[in-house]
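Keep in mind the model is a prediction, meaning the values are calculated, not measured.
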Amino acid sequence: MKSIILGLLVLSLISCKEDKRRADVQKIVSEWTGRQVLIPDDVPCVVAGGEADCVPLSGGAPYRILMYVDSVGCLSCNLRLPYWAAILAEADSLFPGKVDFLFFFQPKDQKELTYLLRRDGFRHPVFIDRENRLDRLNRFPAPTEYRCFLLDGDNRVVMVGNPALNPGVWELYKRQIGGTAAPEQETARTTVRPDTPEQNLGSMKTGETYACTFVLMNTGDRPLAITDIVTSCGCTTPSWSRQPVAPGKTVEIRVEVTPDAPGAFRKTLTVYGNMENAPLHLTIAGEVIN
């Protein structure tokens, strides 16, 4: 009897946590949609470390995508420059002259940022906001996935979300920019239950590779499609089947971890797909020793 009560309590806590997360997202979207973003006009910009002509902050294209990254956490993971390069190329092909991209970065170490820009061959101008003026003016939401906005010509927020983290967001942005934003048939949603939300790898050594597996069960009545899995660190690499998962079936997410620094280890995997509670957050923890 005690085990049944404990199980019900755990399920209730999980449900409450998901309901709160969904309410928080709805609150962010509601508060920011239609809001005008204030953009400082004297922040220097560079291309791969060298001086550059800045993207126009007023006038110009009828839409602009504003991306803000601060100095907290893994810079490479937060920037996701290869993903943005692909988005820029597609936007240039589909919407010439219709959308500008404004990348505002507040790096803790500008040398690291310069290295990443050059390493990834990212040639688009980026604004170096050393004093973090953009965030001070606007007080952006804390979750990193909601510090990216599709703006209209007056810098008012049309949509919220980071297309480099979630391909579905980029599809919504494209429909808006291309003038086909009328509601389409809603994506068939399903429900998912992980075998565990967290894996603990125990003691690990720097430079060695460890692996673990999460199992997700499709508990709904529609096929499950995982579109992307984003990790909070480049030292964590997930792999999974891209095939739809039938109702009642499972899919394995195999994760390889190669720690690069000693200390407490705790990394997050954000799973995107057609789940009602998307995105789903999974955690890998451990202790890294020399």
Participant: Any link between Ile289 and Ile284 through a network of hydrophobic side chains (Ile, Leu, Val, Met, Phe, Trp, Tyr) touching at under 4.5 Å?
Facilitator: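 No: no chain of side-chain contacts under 4.5 Å links Ile289 to Ile284.
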
Participant: Between atom CG of Leu224 and atom CZ of Arg189, what is the distance when rounded to the nearest 0.5 Å?
Facilitator: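 Separation between the atoms: 11.0 Å.
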
Participant: Ignoring hydrogens, what is the shortest heavy-atom contact between Phe122 and Ala85? Give both atom names and the distance.
Facilitator: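 Nearest pair, atom of Phe122 first, then Ala85: CE1-N, 4.0 Å.
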
Participant: Does the Lys NZ or Arg CZ of Lys267 fall within the cation-pi geometry relative to Phe265 - under 6.0 Å from the ring centre and within 45° of the axis?
Facilitator: yes

Participant: Applying side chain to side chain donor-acceptor pair (under 3.5 Å), name anything that partners Thr236, two or more places apart in sequence or on another chain.
Facilitator: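 Not a single residue meets the side chain to side chain donor-acceptor pair (under 3.5 Å) criterion with Thr236.
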
Participant: To the nearest 0.5 Å, how far apart are CG in Leu102 and SG in Cys148?
Facilitator: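 Here the rounded value is 10.0 Å.
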
Participant: Find the distance between CD (Glu287) and CG (Asn200) and round it off to the nearest 0.5 Å.
Facilitator: 9.5 Å

Participant: Please list all pairs meeting salt bridge (charged side-chain N to carboxylate O under 4.0 Å, His left out) that have one or both residues in residues 141-159, counting only residues at least two apart or in different chains.
Facilitator: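 Those involving residues 141-159 are Asp70-Arg147.
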
Participant: Please tell me if the side chains of Leu282 and Thr268 come closer than 4.5 Å, counting only heavy atoms from C-beta onward.
Facilitator: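 Not touching, per the 4.5 Å side-chain cut-off.
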
Participant: State, yes or no, whether a side-chain contact exists between Val271 and Pro238 at a heavy-atom distance under 4.5 Å.
Facilitator: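 Heavy-atom side-chain distance check fails, nothing below 4.5 Å.
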
Participant: Give the intermediate values and the outcome of side chain to side chain contact (heavy atoms under 4.5 Å, CB included) for residues Gln176 and Met159.
Facilitator: CA-CA 9 Å; Gln176 177 68 39; Met159 292 183 181; 3.8 Å; yes

Participant: Can you tell me how far the NZ atom of Lys205 sits from the CD atom of Glu208, to the nearest 0.5 Å?
Facilitator: 5.5 Å

Participant: The criterion is salt bridge (Lys or Arg N to Asp or Glu O under 4.0 Å); which residues satisfy it with Glu131, sequence neighbours excluded?
Facilitator: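 Testing Glu131 for salt bridge (Lys or Arg N to Asp or Glu O under 4.0 Å), a comparison that skips the adjacent residues, returns none.
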
Participant: Taking the side chain as everything from C-beta on, heavy atoms only, tell me whether Pro163 gets closer than 4.5 Å to Trp84.
Facilitator: yes

Participant: Any sub-3.5 Å donor-acceptor pair from Lys98's side-chain atoms to Tyr63's backbone N or O?
Facilitator: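 No: the side chain of Lys98 does not pair with the backbone of Tyr63.
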
Participant: Does a side-chain heavy-atom distance below 4.5 Å link Leu151 with Val157?
Facilitator: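 Leu151 vs Val157: side chains touch.
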
Participant: Just say parallel, tilted or perpendicular for the rings of Trp170 and Tyr173, cut-offs at 30° and 60°.
Facilitator: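 Perpendicular: the ring planes of Trp170 and Tyr173 meet at over 60°.
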
Participant: Apart from Leu137 itself, which Ile, Leu, Val, Met, Phe, Trp or Tyr residues share its cluster (side-chain heavy atoms under 4.5 Å, direct or through members)?
Facilitator: Leu38

Participant: With side chain to side chain contact (heavy atoms under 4.5 Å, CB included) as the criterion, how do Leu113 and Phe105 come out once you've worked through the C-alpha distance, each side chain's angles and the decisive distance to 0.1 Å?
Facilitator: CA-CA 9 Å; Leu113 174 60; Phe105 301 149; 3.9 Å; yes

Participant: So Tyr68 and Asn132, do their side chains get closer than 4.5 Å, heavy atoms only?
Facilitator: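 They are in contact (side-chain heavy atoms under 4.5 Å apart), so the answer is yes.
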
Participant: Using atom types as modelled and distance alone, determine if a side-chain donor or acceptor of Asn218 lies under 3.5 Å from a backbone N or O of Gly248.
Facilitator: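 No; zero donor-acceptor contacts below 3.5 Å.
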
Participant: Can you name the closest pair of heavy atoms from Phe214 and Thr283 and give their distance?
Facilitator: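 In terms of heavy atoms, the two residues are closest at CZ-O, 3.4 Å.
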
Participant: What are the two closest heavy atoms between Val99 and Ala91, and how far apart are they?
Facilitator: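 So the two residues come closest at CG1-CB, 4.1 Å.
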
Participant: Between Thr191 and Met275, is there a side-chain heavy-atom distance shorter than 4.5 Å?
Facilitator: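 The answer is no; the side chains never approach within 4.5 Å.
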
Participant: State, to 0.1 Å, how close Asn138 and Gln36 come at their nearest heavy-atom pair, and which atoms those are.
Facilitator: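 Shortest heavy-atom separation between Asn138 and Gln36 comes out as OD1-O, 4.3 Å.
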
Participant: Can you tell which of Val126, Leu66, Ile65, Ile128 makes a side chain to side chain contact (heavy atoms under 4.5 Å, CB included) with Phe103?
Facilitator: Val126

Participant: Going by the rule ring-ring contact (aromatic ring centres under 6.0 Å, His included), which residues pair with Trp32 if we only count those two or more places apart in sequence or in a different chain?
Facilitator: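 ring-ring contact (aromatic ring centres under 6.0 Å, His included) list for Trp32, sorted by chain: Phe140, Phe149.
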
Participant: Might you point out which heavy atoms bring Ala164 and Ile87 nearest each other, and give the distance in Å?
Facilitator: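 Where Ala164 meets Ile87 most closely, the heavy atoms are N-CD1, 3.9 Å.
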
Participant: After noting the C-alpha distance and the side-chain angles of Phe104 and Met67, does the key distance pass the side chain to side chain contact (heavy atoms under 4.5 Å, CB included) rule?
Facilitator: CA-CA 6 Å; Phe104 273 77; Met67 172 62 180; over 6 Å; no

Participant: Quick one: closest heavy-atom pair of Pro247 and Asp221, and the distance?
Facilitator: CG-C, 3.6 Å

Participant: Does any part of the side chain of Cys212, heavy atoms only, come nearer than 4.5 Å to the side chain of Leu201, both counted from C-beta?
Facilitator: yes

Participant: Between Val158 and Leu94, is there a shared hydrophobic cluster once you connect ILVMFWY residues whose side-chain heavy atoms come closer than 4.5 Å?
Facilitator: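 The answer is yes; both residues are in one hydrophobic cluster.
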
Participant: Checking side chain to side chain contact (heavy atoms under 4.5 Å, CB included) between Ile226 and each of Asn274, Leu280, Leu216, Val245, which is the one that passes?
Facilitator: Leu216

Participant: Does the side chain of Pro259 come within less than 4.5 Å of Cys235's, by heavy atoms?
Facilitator: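 SC-SC contact between Cys235 and Pro259 ruled out.
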
Participant: With rounding to the nearest 0.5 angstrom, report the NZ to CD distance, Lys27 to Glu31.
Facilitator: 5.0 Å

Participant: For Phe95, I'd like to know if atom CZ has over 12 heavy atoms of other residues, nucleotides or ligands within 6.0 Å.
Facilitator: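 More than 12 heavy atoms, drawn from other residues, nucleotides or ligands, come within 6.0 Å of this atom.
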
Participant: Given the rule that I, L, V, M, F, W and Y join up when any side-chain heavy atoms are under 4.5 Å apart, are Tyr83 and Leu116 in one cluster?
Facilitator: no

Participant: Check the hydrophobic clustering (I, L, V, M, F, W, Y; side-chain heavy atoms under 4.5 Å; chains of links allowed) and say if Val255 and Met217 are grouped together.
Facilitator: no

Participant: Could Arg266 and Glu198 be called an ion pair, given the rule that one side-chain N must be under 4.0 Å from one carboxylate O?
Facilitator: yes

Participant: When rounded to the nearest 0.5 angstrom, what is the spacing between CG in Leu81 and CZ in Arg123?
Facilitator: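 Going from the CG atom of Leu81 to the CZ atom of Arg123 covers 12.5 Å.
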
Participant: With sequence neighbours left out, which residue pairs that include part of residues 246-260 fulfil the salt bridge (charged side-chain N to carboxylate O under 4.0 Å, His left out) condition?
Facilitator: Arg254-Glu256

